[in-house]
Enquirer: 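Pasting in a structure now, in structure tokens, and then I'll have a few things to ask.
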Amino acid sequence: MELQKIYQSVVDGSAGEVQAGVQAALAEGVAADVILNQALIAAMEEVGKRFEEGDFFVPEMLIAARAMQSGLGLLKPHLIDSGVKAAGKVAMGTVKGDLHDIGKNLVAMMLEGAGFEVQDLGSDVDSQKFVQAAQDGANIIGMSALLTTTMSYMQTTIQALQTAGLRDTVKVVIGGAPVTDAYAKQVGADAFAPDASSAVRIIKQLVA
Ligand code: B1M
């Protein structure tokens, strides 16, 4: 069945086969949200599980996430037409002064794979951009930092959200190699995510 083929192609990281499978499934009349939930999202859950168990590493996860995104691109217009609601709106960015974006991109892709609407703010993101995203309706702010010199900017952003009166309307989740659970508590974030698949699990719990 097409759904099983799409699922396997995402896990295998084969973007061409994912796209062919999605096109075939749509042509057969399979609903876009069924393809999304039973093939793309289910496969990314499997990828996240394999990563957590140590069977997959960052490259496999990145390749699978890209394959999933190539299928998602084909599905998006159909999902918009059928009015499928996102699980939540996440604004993701790497904090000001920091140009490392590979981990942030991976988290964003995994969240998209899990059904979240993701606004990618890029890297070197000023606190006011996060504030603006919250004002524009993001209910989760995700921040990434890879440098010990830039991670303190996470607190600057949280304070900016507080000053703008938005701290209670958003959940703030942070991550990146130098960030820890203790640091998240210290700066007043709602949670720390050590990797992309835990970010998905933690954010799902926060919005549940
Ligand atoms: Co730079 N760099 N780098 N770098 N770089 C590190 C981070 C470093 C540890 C290397 C080292 O010295 N051993 C070091 C930091 C030292 C420190 O601060 N203690 C360092 C340095 C010093 C620098 C420069 C200052 C070097 C220089 O110019 N002298 C400079 C800084 C530039 C700047 O940002 N202003 C610099 C530049 C660069 C490149 C541009 C060359 C390049 C980045 C390219 C890019 O991202 N587009 C680069 C790279 C590639 C690295 C390393 C090698 C790899 C980082 C990476 O992509 N990891 C890195 C060394 C290392 O980590 N081994 C290093 C893979 C990625 C998937 O993991 O980002 O941790 P990670 O993301 C994970 C989790 O952390 C988590 O999920 C992700 C997926 O599992 N996560 C989140 C991340 N963000 C999250 C957000 C969330 C949730 C989870 O929110 C919800």
Side-chain angles (χ1 to χ4, degrees), residues 11 13 44-69 86-127 129-131 133-134 138-158 160-161 166-167 169-208:
V11 175
M44 287 313 289
E45 279 170 3
E46 174 63 21
V47 170
K49 190 167 142 264
R50 290 191 192 186
F51 177 76
E52 285 182 5
E53 287 169 354
D55 293 334
F56 268 21
F57 296 94
V58 168
E60 284 101 334
M61 194 155 63
L62 264 178
I63 293 165
R66 286 195 187 129
M68 178 278 294
Q69 283 218 319
K89 186 171 175 187
V90 188
M92 278 286 315
T94 305
V95 296
K96 191 171 178 174
D98 201 323
L99 302 175
H100 297 85
D101 66 356
I102 298 170
K104 181 265 297 170
N105 291 346
L106 188 51
V107 174
M109 283 192 252
M110 292 287 286
L111 284 167
E112 213 164 353
F116 286 88
E117 182 185 343
V118 178
Q119 182 184 5
D120 188 346
L121 301 175
S123 53
D124 190 19
V125 180
D126 187 88
S127 60
K129 266 200 177 177
F130 286 106
V131 168
N139 56 335
I140 300 123
I141 297 293
M143 282 187 276
S144 179
L146 265 284
L147 299 171
T148 44
T149 49
T150 57
M151 60 196 275
S152 59
Y153 197 78
M154 292 170 155
Q155 188 166 24
T156 306
T157 303
I158 292 170
L161 288 165
L166 292 161
R167 185 62 191 92
T169 64
V170 291
K171 299 285 183 195
V172 178
V173 186
I174 63 175
V179 181
T180 61
D181 198 30
Y183 188 72
K185 289 192 176 78
Q186 186 190 319
V187 299
D190 293 293
F192 158 68
D195 54 55
S197 56
S198 1
V200 171
R201 186 168 32 79
I202 289 163
I203 290 175
K204 274 184 178 173
Q205 282 164 3
L206 283 174
V207 297

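Each ligand, and each atom within it, is numbered from 1 in the order the structure gives. Note: hydrogens, waters and symmetry copies are ignored here, and every other heavy atom, side chains too, is used.
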Enquirer: Would a search of protein heavy atoms around atom 54 (C) of ligand 1 find one under 4.0 Å away?
Expert: no
Enquirer: Heavy atoms only, cut-off 4.0 Å: how does V173 contact ligand 1, side chain, backbone, both, or neither?
Expert: both
Enquirer: Give the residue and atom name of whichever protein heavy atom lies nearest to atom 35 (N) of ligand 1, and the separation in Å to one decimal.
Expert: G97 O, 3.0 Å
Enquirer: Below 3.5 Å, N or O to N or O, backbone or side chain included: is there any such pair between A145 and ligand 1?
Expert: no
Enquirer: Please name the pair of heavy atoms, one in A64 and one in V47, separated by the smallest distance, quoted to 0.1 Å.
Expert: CB-CG2, 3.8 Å
Enquirer: Answer yes or no for atom 85 (C) of ligand 1: protein heavy atom present at a distance under 4.0 Å?
Expert: yes
Enquirer: Taking only heavy atoms of D101, which atoms of ligand 1 are found under 4.0 Å from at least one of them?
Expert: 45 (C), 46 (O), 47 (N)
Enquirer: Counting only heavy atoms, tell me which of V179, L106, I140 gets closest to atom 79 (C) of ligand 1.
Expert: L106
Enquirer: Between D101 and S123, do the side chains contain a donor N or O and an acceptor N or O under 3.5 Å apart?
Expert: no
Enquirer: Does V131 reach the side chain of L166, with side-chain heavy atoms less than 4.5 Å apart?
Expert: yes
Enquirer: How far apart are the closest heavy atoms of Y153 and V125, and which atoms are they?
Expert: CE2-O, 3.6 Å
Enquirer: Would you say atom 29 (N) of ligand 1 makes contact with the protein, given that contact here means a non-hydrogen protein atom less than 4.0 Å away?
Expert: no
Enquirer: Nearest heavy atom to atom 44 (C) of ligand 1: which of I102, V107, T94, I202 does it belong to?
Expert: I102
Enquirer: Is a side-chain donor or acceptor of D124 paired with a backbone partner of G97 at a separation under 3.5 angstrom?
Expert: yes
Enquirer: Tell me: protein heavy atom nearest atom 83 (C) of ligand 1, and distance?
Expert: G176 N, 3.4 Å
Enquirer: When you measure from atom 89 (C) of ligand 1 to every protein heavy atom, which one gives the shortest distance, and what is it?
Expert: A193 O, 3.3 Å
Enquirer: Just need the protein heavy atom nearest to atom 87 (C) of ligand 1, so name the residue and atom and give the distance.
Expert: G175 N, 3.7 Å
Enquirer: Measuring to protein heavy atoms, does anything land under 4.0 Å from atom 70 (O) of ligand 1?
Expert: yes
Enquirer: Identify the protein heavy atom lying closest to atom 62 (O) of ligand 1, giving its residue, its atom name and the separation to 0.1 Å.
Expert: L146 CD1, 4.5 Å
Enquirer: I'd like to check which ligand 1 atoms, numbered from 1 as shown, lie under 4.0 Å from a non-hydrogen atom of A177.
Expert: 70 (O), 75 (O)
Enquirer: Flag the pair R201 and E52 as a salt bridge only when some basic side-chain nitrogen lies within less than 4.0 angstrom of an acidic carboxylate oxygen.
Expert: yes
Enquirer: Should you measure from each heavy atom of S144, which atoms of ligand 1 turn up under 4.0 Å away?
Expert: 83 (C), 84 (N), 85 (C), 86 (C)
Enquirer: Quick check: A196 and ligand 1, any N/O pair under 3.5 Å apart?
Expert: yes
Enquirer: Do me a favour and list the nearest non-hydrogen protein atom to atom 17 (C) of ligand 1 with residue, atom name and distance?
Expert: T148 OG1, 3.7 Å
Enquirer: Going through the checks in order, is the side chain to side chain contact (heavy atoms under 4.5 Å, CB included) test met by N139 and T169?
Expert: CA-CA 7 Å; N139 56 335; T169 64; over 6 Å; no
Enquirer: Establish whether atom 24 (C) of ligand 1 and some protein heavy atom are separated by less than 4.0 angstrom.
Expert: no
Enquirer: Could you state the interatomic distance from NZ (K204) to CD1 (I140), rounded to the nearest 0.5 Å?
Expert: 12.0 Å
Enquirer: Would you mind reporting whether T157 and V172 have side-chain heavy atoms less than 4.5 Å apart?
Expert: no
Enquirer: I'd like to check V200 versus M44 (side-chain heavy atoms, cut-off strictly below 4.5 Å). Are they in contact?
Expert: no
Enquirer: Could you please spell out the steps behind the side chain to side chain contact (heavy atoms under 4.5 Å, CB included) verdict for V207 and F116?
Expert: CA-CA 11 Å; V207 297; F116 286 88; 4.1 Å; yes
Enquirer: When you measure from the side chain of E53 to the backbone of R50, do you find a donor-acceptor pair of N or O atoms at a distance under 3.5 Å?
Expert: no
Enquirer: With heavy atoms of D195 as the reference, note each atom of ligand 1 found under 4.0 Å away.
Expert: 76 (C), 77 (O), 80 (O)
Enquirer: Between the main-chain N or O of M151 and the side-chain N or O of Y183, is there a donor-acceptor pair closer than 3.5 Å?
Expert: yes
Enquirer: Starting from atom 68 (O) of ligand 1, locate the nearest protein heavy atom and write down its residue, its atom name and how far away it is, to 0.1 Å.
Expert: G103 CA, 4.3 Å
Enquirer: Got a protein heavy atom sitting under 4.0 Å from atom 41 (C) of ligand 1?
Expert: no
Enquirer: Which ligand 1 atoms does V58 reach within 4.0 Å, using its non-hydrogen atoms?
Expert: 67 (C)
Enquirer: Give the atom numbers and elements of ligand 1 that come within less than 4.0 Å of a heavy atom of D98.
Expert: 34 (O)
Enquirer: What part of P194, side chain from CB on, backbone N/CA/C/O, both or neither, has a heavy atom under 4.0 Å from ligand 1?
Expert: backbone
Enquirer: Mark whether atom 11 (C) of ligand 1 lies under 4.0 angstrom from at least one protein heavy atom.
Expert: no
Enquirer: Has the side chain of T150 got a donor or acceptor atom that lies under 3.5 Å from a matching backbone atom of A145?
Expert: no
Enquirer: Looking at atom 14 (C) of ligand 1, what's its closest protein heavy atom, distance included?
Expert: L147 CD2, 4.2 Å
Enquirer: Name the one of K185, R167, K171 that satisfies side-chain hydrogen bond (donor to acceptor under 3.5 Å, both in side chains) with D190?
Expert: R167
Enquirer: For atom 3 (N) of ligand 1, which candidate among H100, M61, M110 holds the nearest heavy atom?
Expert: H100
Enquirer: Protein non-hydrogen atoms only, distance under 4.0 Å: does atom 5 (N) of ligand 1 have such a neighbour?
Expert: yes
Enquirer: Out of L99, V90, V95, I174, whose heavy atom sits nearest atom 34 (O) of ligand 1?
Expert: L99
Enquirer: Considering non-hydrogen atoms only, spot the tightest contact between A134 and L161 and give its length.
Expert: CB-CD2, 4.0 Å
Enquirer: Between D55 and K49, is there a salt bridge with N-O shorter than 4.0 Å?
Expert: no
